Amino acid sequence: MKVYSNNIKDNGYLDERFGNNTSIKSDIVDGANLRSFHIKWEDLPANTKSLAIIFDDYDAVPVCGFSWIHWLAANIDPSLNELKENASLELADKMVQGKNSWSSGLITKDTENKNYQKFGGCAPPNCDHEYMVKVFALDSTLDLKDGFMMNELIKKMEGHVLGVSSFKFMYNKVK
């Protein structure tokens with residue numbers, strides 16, 4: 001199983017359009033860039049029925065005390081072969097999406113904002129951060145609804161993971 005994004009430059013950095021350094025300020029809503037980047041998968045295990053994604057930032061731990069969750073998505077049809085740019089918004093009906101850490105109350109008190117149940121782009125406040133995207137191939141779809149939490153996703157995936165693949169990239173400190 002292989003996963004990757006064509007939005008990562010040769011230097012290992014994600015294109016600035018997918019975080020708060022974007023020049024497209026209309027993509028930033030309620031403090032988060034909502035434009036998700038491209039993700040492609042190949043060579044999935046046999047009998048893969050759905051995919052799940054966890055996109056997070058472990059470099060956020062010294063800043064806020066926990067790994068910042070940028071995107072949770074599940075029940076993605078593996079036959080799509082990829083999620084194109086902005087799939088979090090444009091293909092929202094083709095997946096369920098969980099709460100990201102923008103809903104933690106650390107940035108805003110509006111923890112039920114529906115924008116926090118989508119992709120929330122990179123916004124490292126202290127230095128360049130390394131991010132990780134994990135894609136899980138599953139033998140079933142999961143009983144989850146929009147707004148699920150990461151612990152729910154992990155519990156629902158138990159016993160259903162056929163394979164997992166990941167990729168990392170860097171993003172520049174917010175200017």
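Keep in mind that this is a model prediction, so the values were computed, not measured.
Cluster membership for Ile28 and Val174, using ILVMFWY side-chain heavy atoms within less than 4.5 angstrom, is not shared. Following chains of ILVMFWY side-chain contacts shorter than 4.5 Å, one can reach Phe148 starting from Met157, so the two form part of one hydrophobic cluster. The cluster map of Ile, Leu, Val, Met, Phe, Trp and Tyr, joined by side-chain heavy atoms under 4.5 Å apart, puts Val3 and Phe136 in different clusters. No continuous path of ILVMFWY side-chain contacts below 4.5 Å connects Tyr131 to Trp102, so the two sit in separate hydrophobic clusters. Following chains of ILVMFWY side-chain contacts shorter than 4.5 Å, one cannot reach Val135 starting from Leu142, and the two form parts of different hydrophobic clusters.
Atom CE of Met132 is separated from atom OG of Ser166 by 4.5 Å, given to the nearest 0.5 angstrom. With rounding to the nearest 0.5 angstrom, the CG atom of Asn33 is 8.5 Å from the CZ atom of Phe18. Interatomic distance, Lys156 NZ to Asn75 CG, rounded to the nearest 0.5 Å: 10.5 Å. Here SG of Cys122 is found 12.5 Å from CZ of Arg17. Values are rounded to the nearest 0.5 Å. Remark: Leu138 CG to His160 NE2 distance equals 8.5 Å, nearest 0.5 Å. Taken from CG in Asp77 to CG in Leu91, the straight-line distance is 10.5 Å, to the nearest 0.5 Å.
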_Between Lys175 and Glu16, does the salt bridge (Lys or Arg N to Asp or Glu O under 4.0 Å) criterion hold? Intermediate values first, please._
CA-CA 11 Å; Lys175 298 171 187 169; Glu16 288 191 341; 3.1 Å; yes
_Audit row: His70, Asp57, side chain to side chain contact (heavy atoms under 4.5 Å, CB included) steps and yes/no_ = CA-CA 7 Å; His70 285 271; Asp57 171 12; 3.8 Å; yes
*Please step through side chain to side chain contact (heavy atoms under 4.5 Å, CB included) for the pair Ser101 and Ile69, ending with a clear verdict.*
CA-CA 5 Å; Ser101 291; Ile69 301 163; 3.5 Å; yes
*For side chain to side chain contact (heavy atoms under 4.5 Å, CB included), just list the numbers for Leu34 and Leu89, CA-CA rounded to whole Å, side-chain angles, deciding distance to a tenth of an Å, and then say yes or no.*
CA-CA 8 Å; Leu34 302 182; Leu89 296 175; 4.1 Å; yes
*Can you list the steps and then say if Ser36 with Glu85 is a side chain to side chain donor-acceptor pair (under 3.5 Å)?*
CA-CA 6 Å; Ser36 58; Glu85 291 180 20; over 6 Å; no
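Residue Lys25 places its NZ atom among more than 12 non-hydrogen atoms of other residues, nucleotides or ligands, all under 6.0 Å distant. Residue-environment remark: CG (Asn47) stays at or below the threshold of 12 foreign heavy atoms within 6.0 Å. Open room surrounds CG on Asp10; 12 or fewer heavy atoms of other groups in view lie less than 6.0 Å from it.
Not less than 6.0 angstrom separates the ring centroid of His129 from the ring centroid of Tyr171. In summary, the aromatic rings of Phe167 and Tyr4 are positioned with their centroids too far apart to meet the 6.0 Å limit. Between Phe119 and Phe55, the gap from one ring centroid to the other is short of 6.0 Å.
The minimum heavy-atom distance between Met1 and Pro45, with the atom names listed, is SD-CD, 4.0 Å. When all heavy atoms are compared, the tightest approach of Leu83 to Ile76 is CD1-CD1, 4.0 Å. In this structure, Thr48 and Pro78 approach most closely via the heavy-atom pair O-CG, 3.6 Å. In terms of heavy-atom proximity, Leu162 sits nearest to Ala46 at CD1-O, 3.6 Å. Scanning all heavy atoms of the two residues, the minimum distance from Tyr116 to Asp30 falls at OH-O, 3.2 Å. Across all their heavy atoms, Asn11 and Tyr13 have their closest contact at OD1-N, 3.0 Å.
Remark: of the listed residues Lys99, Met95, Gln117, Gln117 is the sole one forming a side chain to side chain contact (heavy atoms under 4.5 Å, CB included) with Asp146.
Asn172 contributes no side-chain N or O that, together with a main-chain N or O of Asp128, makes up a donor-acceptor pair within less than 3.5 Å. No donor-acceptor pair under 3.5 Å is formed between the side chain of Asp15 and the backbone N or O of Lys9. Looking at His38, its side chain never comes within 3.5 Å of a backbone N or O of Ser5 through a donor-acceptor pair. No donor-acceptor pair under 3.5 Å is formed between the side chain of Thr22 and the backbone N or O of Gly19.
Residues Phe37 and Ile8 are not in side-chain contact: their nearest non-hydrogen atoms beyond the backbone lie 4.5 Å or more apart. Between Glu152 and Leu144 there is a side-chain heavy-atom pair separated by less than 4.5 Å. Put simply, the side chain of Leu51 reaches to within 4.5 Å of the side chain of Leu44, judged on heavy atoms. Side-chain atoms of Leu153 and Ile54, non-hydrogen and from C-beta on, do get closer than 4.5 Å to each other. Under the 4.5 Å side-chain criterion, counting only non-hydrogen atoms from C-beta, Leu72 is not in contact with Ile53.
Ion pairing between Lys84 and Glu90 fails under the 4.0 Å rule for side-chain N and carboxylate O. Residues Lys134 and Asp56 are paired through a salt bridge, judged by an N-O separation under 4.0 Å between the basic side chain and the carboxylate.
Counted by atom type alone, Gln97 and Trp71 present one or more donor-acceptor pairs between their side chains at under 3.5 Å.
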